[in-house]
J.: 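I have a structure here, written as structure tokens, and I will follow up with some questions on it.
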4 protein chains.
Amino acid sequence: MAPLNEEQLHQIRDDRKVQIKHVALKVFAKYGINGTKMSMIAKEAGVSQGLFYRYFKSKDELFMMLIQEAMEESVSSIEKIYSLSVPPKEKIRTLTEVILDDGGKYYFMLIHQAHTSSGVSEKTKQLLEQYPLKLYIDLLLPLFREGQRVGEIVEGDLEEMISSYLSILSGVMVINSQENSFYQIPKVDLLMRILTKS
Amino acid sequence: MAPLNEEQLHQIRDDRKVQIKHVALKVFAKYGINGTKMSMIAKEAGVSQGLFYRYFKSKDELFMMLIQEAMEESVSSIEKIYSLSVPPKEKIRTLTEVILDDGGKYYFMLIHQAHTSSGVSEKTKQLLEQYPLKLYIDLLLPLFREGQRVGEIVEGDLEEMISSYLSILSGVMVINSQENSFYQIPKVDLLMRILTKS
Amino acid sequence: MAPLNEEQLHQIRDDRKVQIKHVALKVFAKYGINGTKMSMIAKEAGVSQGLFYRYFKSKDELFMMLIQEAMEESVSSIEKIYSLSVPPKEKIRTLTEVILDDGGKYYFMLIHQAHTSSGVSEKTKQLLEQYPLKLYIDLLLPLFREGQRVGEIVEGDLEEMISSYLSILSGVMVINSQENSFYQIPKVDLLMRILTKS
Amino acid sequence: MAPLNEEQLHQIRDDRKVQIKHVALKVFAKYGINGTKMSMIAKEAGVSQGLFYRYFKSKDELFMMLIQEAMEESVSSIEKIYSLSVPPKEKIRTLTEVILDDGGKYYFMLIHQAHTSSGVSEKTKQLLEQYPLKLYIDLLLPLFREGQRVGEIVEGDLEEMISSYLSILSGVMVINSQENSFYQIPKVDLLMRILTKS
DNA sequence: TATGAATGAGAGTTCATTCAT
DNA sequence: GATGAATGAACTCTCATTCAT
């Protein structure tokens, strides 16, 4: 067998990085940075602890990377909603579903963990400041305003409503982790009642 | 100088215990058991780390103690609501306010932390199992049923509705911690919309 | 470079375990569980303190493990004596030599330490109770009785004699530790005079 | 009531010191310096931990004081034996009894603890060196030599015999502590057999 | 590249000693 | 003088990271 060429090696490297990140996202989301031990990530990802450090500089660096992605992804999810050609209420419902499904869930949980963990690095804190709640509110404002205009969204202060909506979604995500059945995720319809008329 | 008499000593001991517990509740609620370092509690409470151990056997023991109190308190809050002579909707609103205010908030956050932390002791896990979600649902069922009967609460499966309501409240509490203004607590009126008609 | 194969790793692990146990036996025997600091064992064994915990769960667990071995070994030493085809007096002399030599010495010292240390774990106490002095007396009784029968052992209450013999041996072991020349181990002949005629 | 005069106060002070020393001797003898906690001594002596430090500079100072006394006492016990008007064998028997009784026992155990404890101060070590085994041997040599001369003591190297005798006595003392019935103190007659002719 | 043994900094905990009363 | 609350250094143990193979 011919040895792998450089590109193939690069491919393997990248695959492995993605694989580790995928696993780490779930573990960090569930247990936070303090509750997550390197041994957990290594074991779940099926690599040795030593190998981990060939792909990432440190636990903290990986955590930060994931936060970064989570934030970018969340912004991009919102932006994508605008391109759907359905009424505002339907857009919001779709966004809600996206957030609640497996793709979005872990990212939300992770961001929460970042906000509430002790011992996160200064760099991570700076990163978090780059995506304040206000940014999300501003992104959603046009959509909600349109909703009010066409009479699908209840009257009231929009900034407050969006903020509450996001807080509730985040909260619902955060308290939910698969192995633990103490809480359960509310149905989308129920959540929509917060925002919509009758 | 005469040594302190028994009553004074008792007073000091009680004060310290309360003071440490008060601080620890907030720190544990915010950072969980893994994220909370003994140095944080000691510093925040203004005592040396060593002194902590004259009042509590271990970090874990205090955590458990607080969980215990949190659970008892939460059940008792619910029970108290029934004695109010107001319509069901008002009772639920009052309960919601109690949960969201400073007294209830930390207890809810703490229970959440206990459910989602890795490395909690076996004893703590057993404690958590004594207060499953079902217990809270059963406590609230009569109240919500009465609400439906008098037409104040929307139609629909009650167990699911209560479970969702509790999950949302928990979530909202959990993502909220004072020093951090990323999220904000929704107004009670907004939350009530999940449950009530028009 | 290729990583070590499974056999090599196993070898390393075994070697380390033996090495640490060997060192710990001597240190525990000399200083007891309270007087022995983890730093002593680590330094003496030439490993870091951290590494110790990859091989043993805790200081207490290792102490207990060694006690267990010491007790099994001591019983088996006695049992082996019976298979020698020499007169009773010679058997006792051989046993005495075995106990006094380097192999047996540390085990005896360790058992003594366990019996006289404050702060040994409840588990360790239970372990000690499984090997009461009576058990050793019963094991030796046939040998000493035979000795009396053939006129090699002095007349007198055998249980008391064996108990005294063991106490003296233990005592002699205990007060003896290599770096410290205050006491010296008596010659076997001298000790035999306690038991034997002329 | 008139306030106590200076002499009375001095008397109280001295009584208390003796009382604490008496208690500490037993505890140190049993558990060693590492196994003995200040709380044990304070509790047993019925004083507060704080008060202890009005009487003694430190735990180590008290330990050292007791060692000093133990050594002086042991030498003086031996010297006193010579003034008895009985044959050598009887003198030795008496000495043996003195050592084995409650007065001597704790002192012997304490000296043993000092010799085998980690973490004893440099000062304590120096103290121990002032009373080497050789000193005791030299003190006993005339007595044993006389015993050999009148045919009461077995032939053989006297230094070795005395050294063994002392080691055995020490050992027997050391392994014996009241609450623990694993070992038992041999009868004096049995011990004398080591030294004396049939 | 890949492994897991090895390290060391830092966490939780204990306890001799000091201090306020 | 007397008390026990309070401190801090030292101990046991954990775990992110490095290293030898």
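Quick note on labels: first sequence line is chain A, next is B, and so on, each numbered from 1.
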J.: Could you tell me whether a side-chain N or O of D/K59 sits under 3.5 Å from a main-chain N or O of D/I33, the two making a donor and an acceptor?
T.: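 Yes; judged by distance alone, with no hydrogens or angles, the pair exists.
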
J.: Can you tell me if A/S118 uses its side chain to pair, donor with acceptor, with the backbone of B/G35 under 3.5 Å?
T.: yes

J.: Could you state the atom-to-atom distance from NZ of D/K17 to C1' of F/dG1 in whole Å?
T.: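 Atom-to-atom, D/K17 to F/dG1, this comes out as 15 Å.
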
J.: Whole Å only: how far is the CE atom of B/M40 from the C1' atom of E/dG10?
T.: 13 Å

J.: Where the side chain of A/R54 is concerned, which of E/dA2, E/dA5, F/dT12 is the nearest nucleotide?
T.: E/dA2

J.: Looking at F/dT12, E/dT13, F/dA2, which one has an atom nearest to any side-chain atom of B/Q49?
T.: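 From the listed options, E/dT13 comes nearest.
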
J.: Let me know the distance between CD of C/Q11 and P of F/dA20, rounded to the nearest Å.
T.: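 Going from C/Q11 (CD) to F/dA20 (P), I get 21 Å.
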
J.: Has C/Q8 got a side-chain atom pairing as donor or acceptor with C/N5's backbone, closer than 3.5 angstrom?
T.: yes

J.: I want to verify a distance call: between F/dT12, E/dT7, F/dA6, whose nearest atom is closest to the C/L51 side chain?
T.: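 So the nucleotide nearest the side chain must be E/dT7.
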
J.: Think A/K37 has a side-chain N or O under 4.0 angstrom from the OP1 or OP2 of F/dC15?
T.: yes

J.: Residues two or more places apart in sequence or in another chain: which of them pass side-chain contact (heavy atoms from CB on, under 4.5 Å) with D/E44?
T.: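 Here the qualifying residues are D/V23, D/V27.
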
J.: Measure from the side-chain heavy atoms of C/Y55 and tell me the nearest of F/dG1, E/dA6, E/dA16.
T.: E/dA6

J.: Taking CG from C/D14 and P from E/dA5, how many angstroms apart are they, rounded to a whole number?
T.: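 So the CG-P distance, C/D14 to E/dA5, works out to 11 Å.
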
J.: Tell me: NZ of A/K43 to P of F/dC15, nearest whole Å?
T.: 14 Å

J.: For C/R13 and E/dA5, is the shortest distance between a side-chain N/O and OP1 or OP2 below 4.0 Å?
T.: yes

J.: Starting at atom CD of B/Q8, determine the distance to atom P of F/dA2, rounded to an integer number of angstrom.
T.: 19 Å

J.: Identify, between C/I12 and B/D60, the residue whose nearest nucleotide on DNA chain E lies closer to the 5' end.
T.: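 By nearest-heavy-atom nucleotide position, the 5'-most residue is C/I12.
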
J.: Is the phosphate of E/dT17, meaning OP1 or OP2, less than 4.0 Å from a side-chain N or O of D/Y53?
T.: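 D/Y53 to E/dT17 OP1/OP2: side-chain N or O found under 4.0 Å.
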
J.: Map C/M38 and B/F52 onto DNA chain F by nearest heavy atom, then report which one ends up closer to the 5' terminus.
T.: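 First, find each residue's nearest nucleotide; the 5'-ward one identifies B/F52.
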
J.: So, does B/R16 get its side chain near the phosphate of F/dA6, meaning an N or O under 4.0 Å from OP1 or OP2?
T.: yes

J.: Within this structure, what is the CD1-to-P distance between D/I41 and E/dA16, rounded to whole angstrom?
T.: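 For the pair D/I41 CD1 and E/dA16 P, the rounded distance is 8 Å.
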
J.: Taking any strand in view, what nucleotide pairs with F/dG4 in a Watson-Crick or G-U wobble way, both distances under 3.5 Å?
T.: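 Paired with E/dC19.
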
J.: Just checking B/L9: base, sugar-phosphate only, or nothing, at a heavy-atom cut-off of under 4.0 Å?
T.: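 Counting heavy atoms under 4.0 Å across all strands, the contact made by B/L9 is with sugar-phosphate only.
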
J.: Can you measure D/I33 atom CD1 to E/dA16 atom P for me and round it to whole angstrom units?
T.: 10 Å

J.: Under the 3.5 angstrom rule, does the side chain of B/N34 hit a backbone N or O of B/S117 as a donor-acceptor pair?
T.: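 Not a single qualifying donor-acceptor pair exists.
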
